[in-house]
Amino acid sequence: MDSAGPEILVKCTRCTTRQRQEEFPRAQNLNFLKTCAVCTEKLAIQRQRIREKRKEIPQDREEGTVSLRKGPKVMDIDRRMQLKWSEFTDLLSENKANPFELDAEVILEDFARRTTSMDNREMAKTIADEVWKVTGYRFIYKKCETSRSSDHIKMFVFYCAQTQGEEAKQKLHANLRERRARMTIDRYPCNGYLRITMSDETSLAGVRITHHRSHSAYVDISMTDEVETIISKHANMPASKIWEYIIQQKVQGELTEKQVYARWAALNEERWRLDDDQVKSAEKLLRSKEGHDVDIIPVHLEDGIDAIAFTFKKILDDVGEDIIEVAMDSTWKTNALGYELYAIVGEFNGQAVPLAFCFTASTNGNATKGAKDHLLCSVIRYVAKRCPNIQFTLSDKDTTEINGFRKEIPRARHQLCYWHAVTYIEERLAQDKPPATYSAIRANKVFDFIDPTWVPGVSSGWLEDGVHEDDAESSKPCNTIETDEKKSQPLTCRPPVFILKTGDLKIPIWPSPPKIPKAEKAPFCPKEHRSTIVDKYRIHFHQHPNIPLDDDCGSLLTAEEIYRGAVSDMYHYCFENDLSQVWAYMWNRWYTPKQWALWARSACEAISRLKTTMIVESLWKHLKRRDLAQFNRPRLDLVTHLVLNGVLPRVQQTLASILDRRRVGRPKALAPWQTDFRQEWKELGLSDEERLTKRELAILKGDFKANRRKELLLQIQQEEQRKHGNYHTNLETWTCSCPAYLISRFLLCKHLVRLTNDKLQNKPLTDLRFFQELHRSRHPPFYSIRGIHTSDASESEDASVEKILVLGRRGGTADGAGSNEGEESESISALSAPVIRAENAVTEEKQNEGEQKKPENEDSHDDMDISNDEPIARVFYSDARHQHAKRCLDAMIGAASSSSGVHPKMAVVFDKIYDLLDSVGGDIMRHKRRRTSPRTWKDSNSNTLYLD
């Protein structure tokens, strides 16, 4: 007998049909209806007809517009059809390009097997994600509604991420000027909603989708798991390198570099965020690296100023004593606190080597006068101790930096940046602003050709911008009366009628000055004179006693003659063109004795390698555009972390390449400056016809406007017709009197290049080692070129005269040029014999000294036995020692050949060395030039006795 009870049938409320409960249709809340499927369908049709009768067709309100109507439903009749998961996704995929609605019961049996461990909420979100994959429309979770009939039935509501009306409201700043401009995602009136009804008692899900307008698919810009894994795996690398690696792997998708930087910062936050306070956190970060990578500079902080300063310890340990030139500059907008960042960068073999950094800021705006000066002085003082051989310092017009260098490194020559100086002059000449107070009488005392009565009629203040008070030509006024500026500075050159004195107070009384219309006022500098003044400054900047003039005899002027000639040139040009204001500015700012020493190259005997502070600007460029570009207002400790883990490793690698610690024995790439030098060398090595043709083709192919192209072609035509001058070119001192050499970055011109190519048989055009061996000197000759300034003996020629130790024979040697077949076979057969090292041979020689007998008829020399049967220990010198000896000798010759001579006591040292070289080297040269072999030992002396 069957143990199961009788089957329960349910009667339809509208007809006589009786059937099981599971056969009745379900409502949207997944409860079973009380009417059968046939009656339910009839009721749906009746309701649809009623709605169509009541529905009013929408009319366009304005002519030419189209109202949005709902698209056709996917299921017009069977609204609650049951669909398998695969049928559901296929139906969406077919209709995703059209406006649609869908209301169905989806069987989740196949889908539920993959999501067995999820609750209803997670499963609903997973269904929404699957709909996103199929249709391209992303639906975002909005809310959850519980059914009134049962707590087990819940409806989860999602909305289309691109629908209008569901966007989050932006929090706008109260001040309109402080509001940021934002770009938002494109939104559409699609009325896109997804409602998923789920019950704990069934595997069905009621899915209702409405999407009344098709639009572009939603683009996912979130972090993928693959990229997340890459960032986590390479968290120790700089963020810029991680982004480059992601690009190489082609897994970036829709990600941006900024997202990768933000994720990298979040993963590494525990490494650099050691405290909530940014300054304390940066200090703790530096202390953790102190003694290994950095040294914290002790600075005295005054009230109202805060600072953090540190140096790269390993860099200073390696090359601190070799640093000759340093440059200093600052930058802003690197951190959220607004700290100004200073850097001191050294020059080593033409490349930039960062040495020290300093973050500083005014904390309350009440810093005492000179507090920043004292801070920078302490930083410069520390660097000067670690780099005791600094001879040149560079900066821009910042008087704080200038005074710090001049005070802490008085032995070094300070020089203004050439690029900044030219930029300052160009900007100042374009400003219609009177110069500062100019004293023609004081200028006349320095140079008698200056007219003491020729002065501008107006002035603006007593000190030019960029000039320190100690270097000012006019004294600072002790007492002034606060009056209207226009009244205190009359626009006239008339002298005052009298001066009213009241104690120390002096009040000049002018007659009623005539009103000068603005149109009649003389401009500061007319536009047609600006380029000429700047060009004259360029020439005056580059002139030097070691560089010949472009005259008939190639004269070499002294530093005093150059200074006087430069002032005379600028003064007479301004005087002849009635530019009194320009002359007053140029004298006060550039041509006074104190200012001349700051920028003129002729003020120092040596010519520095650095001419600008671009090595610091390049550091800022890499730091801001590579390490900080994608960080929005980074914290101070993060910037410190990036300097330590981004800048320092790159500097260490560059330094290792310069010091030949990397790729030993392998070919090395040229340094950046050597690459530029080679490119310029190749360009200058072309003939004039080739260079002009190349320029002409570049202009014709370039994107120039018609007038500009015509102007450039005219310049080339004029250059072709110009007669070539006769210049004084000297390869020995590597100087030339042509104008191109004077302003050249590398002290290079076509005359020197072509002469060198001819003398070296075009070796520089095919041999990269030529450029790799170049090192710029600060005294003539400015480059030491093998074959011109040093011997051209190649390594192969040196190897041909060396003796080679034959392994396996005691004291055996072979000629470096090779051996014959008998010797070769003998050497091969003796390979298995034990090797006698040099020290063993010497020891054995001493042990057998008493057993050997000297022939009676053999001559003796210096009481030493030279029997051929006695094993002789050979001494070998390494190539490194040879190269070091050559460098030392070149340095000594360079110092001895100074144009200003040497100290008498130093000359005594040089004389001893020269005498020794003449004694040893001269005897060896004479011995090798002998046409006949020496007859006996008497034909040799102690210097040539043991030569092979």
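From a predicted model like this one, the values you see are computed outputs, not experimental measurements.
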Task: SB check Glu617 Lys621 (cutoff 4.0 Å) - done: no
Task: Backbone N/O of Asp306 and side chain of Thr360: donor-acceptor pair under 3.5 Å - done: yes
Open item on the list: Keeping Ser618 on the side-chain end and Met614 on the backbone end, is there a donor-acceptor pair under 3.5 Å?
Closed with: no
Task: Side-chain donor-acceptor contact under 3.5 Å, Ser281 with Asp275 - done: no
Task: Within-4.5 Å side-chain heavy-atom neighbours: Ile246 and Val227 - done: yes
Task: Evaluation steps, side-chain hydrogen bond (donor to acceptor under 3.5 Å, both in side chains), between Thr331 and Tyr342 - done: CA-CA 7 Å; Thr331 186; Tyr342 283 85; over 6 Å; no
Open item on the list: Could you measure the distance from the CZ atom of Arg287 to the CG atom of Leu274? Nearest 0.5 Å is fine.
Closed with: 10.0 Å
Task: Closest approach of Val134 to Thr89 (non-hydrogen atoms, all atoms of both residues) - done: CG1-O, 3.5 Å
TODO: Answer yes or no: are there more than 12 heavy-atom neighbours, outside Ile221 itself, under 6.0 Å from its atom CD1?
DONE: no
Open item on the list: Testing the 3.5 Å rule here: is there a donor-acceptor pair between the side chains of Ser147 and Lys154?
Closed with: no
Open item on the list: Would you say Tyr159 and Lys143 are linked by a side-chain donor-acceptor pair, where the criterion is simply a distance under 3.5 Å?
Closed with: no
Open item on the list: With a 4.0 Å cut-off on N to O distance, would you call Asp676 and Arg745 a salt bridge?
Closed with: yes
Task: Test of ring centre spacing under 6.0 Å for His215 and Tyr137 - done: yes
Task: Residue Lys668 excluded, over 12 heavy atoms near NZ under 6.0 Å - done: yes
TODO: Check whether the side chains of Glu101 and His212 place a donor and an acceptor atom closer than 3.5 Å, and report yes or no.
DONE: yes
TODO: State yes or no: are the ring centers of Phe158 and Tyr193 separated by less than 6.0 Å?
DONE: no
TODO: For the pair Trp85 and Phe88, name the ring-plane relationship: parallel under 30°, tilted 30 to 60°, perpendicular over 60°.
DONE: tilted
Open item on the list: Counting only heavy atoms from other residues, nucleotides and ligands, does the tally under 6.0 Å from NZ of Lys333 exceed 12?
Closed with: no
Task: Pair Ser657, Arg662: side-chain N/O donor-acceptor within cut-off below 3.5 Å - done: yes
TODO: Work out which heavy atom in Leu628 is nearest to a heavy atom in Pro634; give both atom names and the distance.
DONE: CD2-CG, 4.2 Å
Task: Closest non-hydrogen atom pair between Arg609 and Glu325, with its separation - done: N-OE2, 2.7 Å
Task: Exercise: identify the closest heavy-atom pair between Ile308 and Glu283 - done: CD1-CG, 4.0 Å
Open item on the list: Testing the basics here: between Met237 and Trp264, what is the closest heavy-atom pair and its distance to 0.1 Å?
Closed with: O-NE1, 3.0 Å
TODO: Check each of Ile323, Ile315, Asp295 against Arg386 using the side-chain contact (heavy atoms from CB on, under 4.5 Å) test, and report the only one that passes.
DONE: Asp295
Task: Thr210 (side chain) donor-acceptor with Asn191 (main chain) under 3.5 angstrom - done: yes
Open item on the list: Show the nearest heavy-atom pair for residues Leu644 and Phe312, with the distance to one decimal.
Closed with: CD2-CE2, 4.2 Å
- [ ] For Glu226, look at atom CD and say whether over 12 heavy atoms of other residues, nucleotides or ligands are found less than 6.0 Å away.
- [x] no
Open item on the list: If I take atom CG from residue Leu394 and atom CD1 from residue Ile615, how far apart are they, to the nearest 0.5 angstrom?
Closed with: 7.5 Å
Open item on the list: Within this structure, what is the CD1-CD distance for the pair Ile153 and Glu145, rounded to the nearest 0.5 Å?
Closed with: 13.5 Å
- [ ] Check whether any side-chain N or O of Arg187 sits under 3.5 Å from a backbone N or O of Glu166 as a donor-acceptor pair, and report yes or no.
- [x] no
Open item on the list: Tell me if the aromatic rings of Trp132 and Phe139 count as close, with their centers under 6.0 Å from one another.
Closed with: no
TODO: To the nearest 0.5 Å, tell me how far Asn268 CG sits from Arg273 CZ.
DONE: 14.0 Å
Open item on the list: For Arg661, is there an ion pair with Asp318 - N to carboxylate O distance below 4.0 angstrom?
Closed with: yes
TODO: Calculate, to the nearest 0.5 Å, the distance between atoms NZ and CG belonging to Lys96 and Leu91 respectively.
DONE: 13.0 Å
Open item on the list: Taking CG in Asp465 as the centre, count heavy atoms belonging to other residues, nucleotides or ligands within less than 6.0 Å. Is the count above 12?
Closed with: no
Task: Check: Arg271/Asn236 side-chain N/O donor and acceptor closer than 3.5 Å - done: yes
Open item on the list: Set out, in order, the CA-CA distance, both residues' side-chain angles and the distance that settles side-chain contact (heavy atoms from CB on, under 4.5 Å) for Val643 and Phe310, then state yes or no.
Closed with: CA-CA 11 Å; Val643 170; Phe310 60 93; 4.1 Å; yes
Task: Main-chain N/O of Leu376 paired to His374 side chain as donor or acceptor, under 3.5 Å - done: no
- [ ] Would you mind checking if Lys241 and Asp627 are paired as a salt bridge, meaning a charged N to carboxylate O distance below 4.0 Å?
- [x] no
Task: Derivation of the side-chain contact (heavy atoms from CB on, under 4.5 Å) call for Leu194 and Ile196 - done: CA-CA 7 Å; Leu194 169 63; Ile196 303 175; 4.0 Å; yes
TODO: Decide if atom CZ of Arg650 counts as having more than 12 heavy atoms of other residues, nucleotides or ligands within a radius under 6.0 Å.
DONE: yes
Task: salt bridge (charged side-chain N to carboxylate O under 4.0 Å, His left out), paired with Lys372, selected from Glu302, Glu340, Glu401 - done: Glu340
Open item on the list: Rounded at 0.5 Å granularity, tell me how far CD in Glu269 sits from CG in Asp637.
Closed with: 8.5 Å
Open item on the list: Within the 4.5 Å heavy-atom criterion, are Ile247 and Gln249 side-chain neighbours or not?
Closed with: no
